[in-house]
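In what follows, chains carry the letters A, B, and so on, assigned in the order in which the sequence lines appear, proteins first and then strands, with residues in each chain numbered from 1. Only a predicted model underlies this, so the values are computations on that prediction, with no experimental measurement involved.
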There are 2 protein chains.
Amino acid sequence: MTRVTPRRPGGRTARNTAAVLDATLAELGESGYAGLTVERVAARSGVHKATIYRRWGGADGLLAAALEQADHDSWTPPDTGALESDLRALGEEVAAGFSAAAEEGEEGNVATATIAAAFQSPAAAEALRAFMEERLRRCAEVVARAERRGEVPEGTDAAEVVRAAVAPVYFRLFISREEGAAEAAARAAQVAAGAAKAGTFRAGPSDR
Amino acid sequence: MTRVTPRRPGGRTARNTAAVLDATLAELGESGYAGLTVERVAARSGVHKATIYRRWGGADGLLAAALEQADHDSWTPPDTGALESDLRALGEEVAAGFSAAAEEGEEGNVATATIAAAFQSPAAAEALRAFMEERLRRCAEVVARAERRGEVPEGTDAAEVVRAAVAPVYFRLFISREEGAAEAAARAAQVAAGAAKAGTFRAGPSDR
DNA sequence: TCCCTAATGCGACGGAAGTTGCACTATGAC
DNA sequence: GTCATAGTGCAACTTCCGTCGCATTAGGGA
């Protein structure tokens, strides 16, 4: 139904794609997913709404496409020289990004919007899954460095360490809706790093 | 605007309230928050949609009211005799509840719907915050028992221990959208219990 | 029991979202 | 350069959501 890869990818089609995805990101930054409307994107991009419905299927398709594009950025995890401070910086980055997004109209809103959209749309859920998988993969470097320094035992499940460090931040932001996500980052980093050093995260049933 | 507490709480008003909230829960179980519509609730409950809009303001108000009602249940945390297995049971309960909800049309959907709605509606966000606060408060008993048994040092921040144990489960369910939430519960319980015993969770800046 | 009025029912209206059929434009193969 | 057609623009249409004014009903104090 939805043609994501047109058979004529050149010229006008390419320009339309770029204009629509740009407009989508801008709208997300301003209004979040709840305010993301095909009609507004159409008006902003100058592309007719029928075209958008045909090519992306709706608001969820727009979001998935925009996220897939954002996925190709050059983000790398922090490198402070020690596992715990790396994890803390990671968590604080998450907390800061989402907190700022909630107040201003920042681009962190795109991530928030995607998490929200994943509840309603399989396409968005899949886009989010792929995005987070990629992020966790890049974060594995943090644990790999710690392993090289001898901070943690060999065979440590890197992704699991990172999950333990950032999960409490997301929990406070989106599940329990409490304040103090930034402080939680420090505590979680301490816990995760401690457990990693003690060997609790050595590749168990979930290594992958 | 929205009159949550009518001045005539008896008779028809009470019957309408019950019928509407029942219908809301049923709709949530079948279609989630995305499919929660005032018109459908009106049709199902036999109460006119204008009445629903006047008293609850919209879909988000319905959800908040339904959740507030569910908040008054008699749920208590598991008691297995040891901290780590208590935490594991807790996390597995969460994982099972939400996984089942995702497949069938179960009541766990109400919680999922609330988390989703919190992204769009301040009322739902506040309802979710209150609900989770109450749940965390009840879960503190798990840590209190461990403290009495001497498993963890005095002054351990109970809520923080519970957050560390369940956050990775929620993270996999709703943020990274990975499989294996149940397995994550075991690992997280191990990490949280270990850190608690080591005194990492002794009341820090975030005791409250 | 009576009576004031809070609460509800009812229908119509305005607006926004999404769909569809048709005409037109410009891409890319030749 | 030419030409078939993928892709787009356009406008009308249907459906659904939320609001409003007014008539009607029933709660609960007297």
Could you run through nucleotides 10-23 of chain C and give me one letter per nucleotide, 5' to 3': B if any protein heavy atom sits under 4.0 Å from the base, S if only the sugar-phosphate is that close, - if neither? B------BBBBB--

Check this one for me: any side-chain N or O of B:Thr51 less than 4.0 Å away from OP1 or OP2 of C:dG9? yes

List in chain and number order the residues that pass side-chain hydrogen bond (donor to acceptor under 3.5 Å, both in side chains) with A:Ser176, two or more places apart in sequence or in another chain; answer none if no residue qualifies. A:Glu178

Nucleotide C:dT25, atom C1' - distance to CG of A:Asn16 in whole Å: 12 Å

Indicate, with yes or no, if the rings of B:Phe174 and A:Tyr170 have centres closer together than 6.0 Å. no

What residues form a side-chain hydrogen bond (donor to acceptor under 3.5 Å, both in side chains) with A:Glu147, not counting sequence neighbours? none

Is B:Glu134 salt-bridged to B:Arg138, going by a charged N under 4.0 Å from an acidic O? yes

Could you check whether any side-chain N or O of B:Ser121 sits under 3.5 Å from a backbone N or O of B:Ala118, counting only pairs where one atom can act as donor and the other as acceptor? no

So what is the end-to-end bend of the helix from C:dT1-D:dA30 to C:dC30-D:dG1, with 5 pairs used at each end and the value given to 10 degrees? 40°

Could you label the plane-to-plane angle of the B:Phe119 and A:Phe119 rings as parallel, tilted or perpendicular, counting under 30° as parallel and over 60° as perpendicular? tilted

Please enumerate all residues that pass ring pair (Phe, Tyr, Trp, His ring centres under 6.0 Å) together with B:Tyr33, with sequence neighbours excluded. none

Atom pair distance, as rounded to whole Å: CZ in B:Arg15 and C1' in C:dT8: 12 Å

Please tell me if A:Thr13 has a side-chain N or O lying less than 4.0 Å from either OP1 or OP2 of D:dT8. yes

Holding to side chain to side chain contact (heavy atoms under 4.5 Å, CB included), I want the full list of residues that pass it with B:Thr37, two or more places apart in sequence or in another chain. B:Glu39, B:Arg40

Whole-Å distance separating the CD1 atom of A:Ile52 from the C1' atom of D:dG9: 12 Å

Measure the distance from CZ on B:Arg12 to C1' on D:dG27 and round it to the nearest whole Å. 9 Å

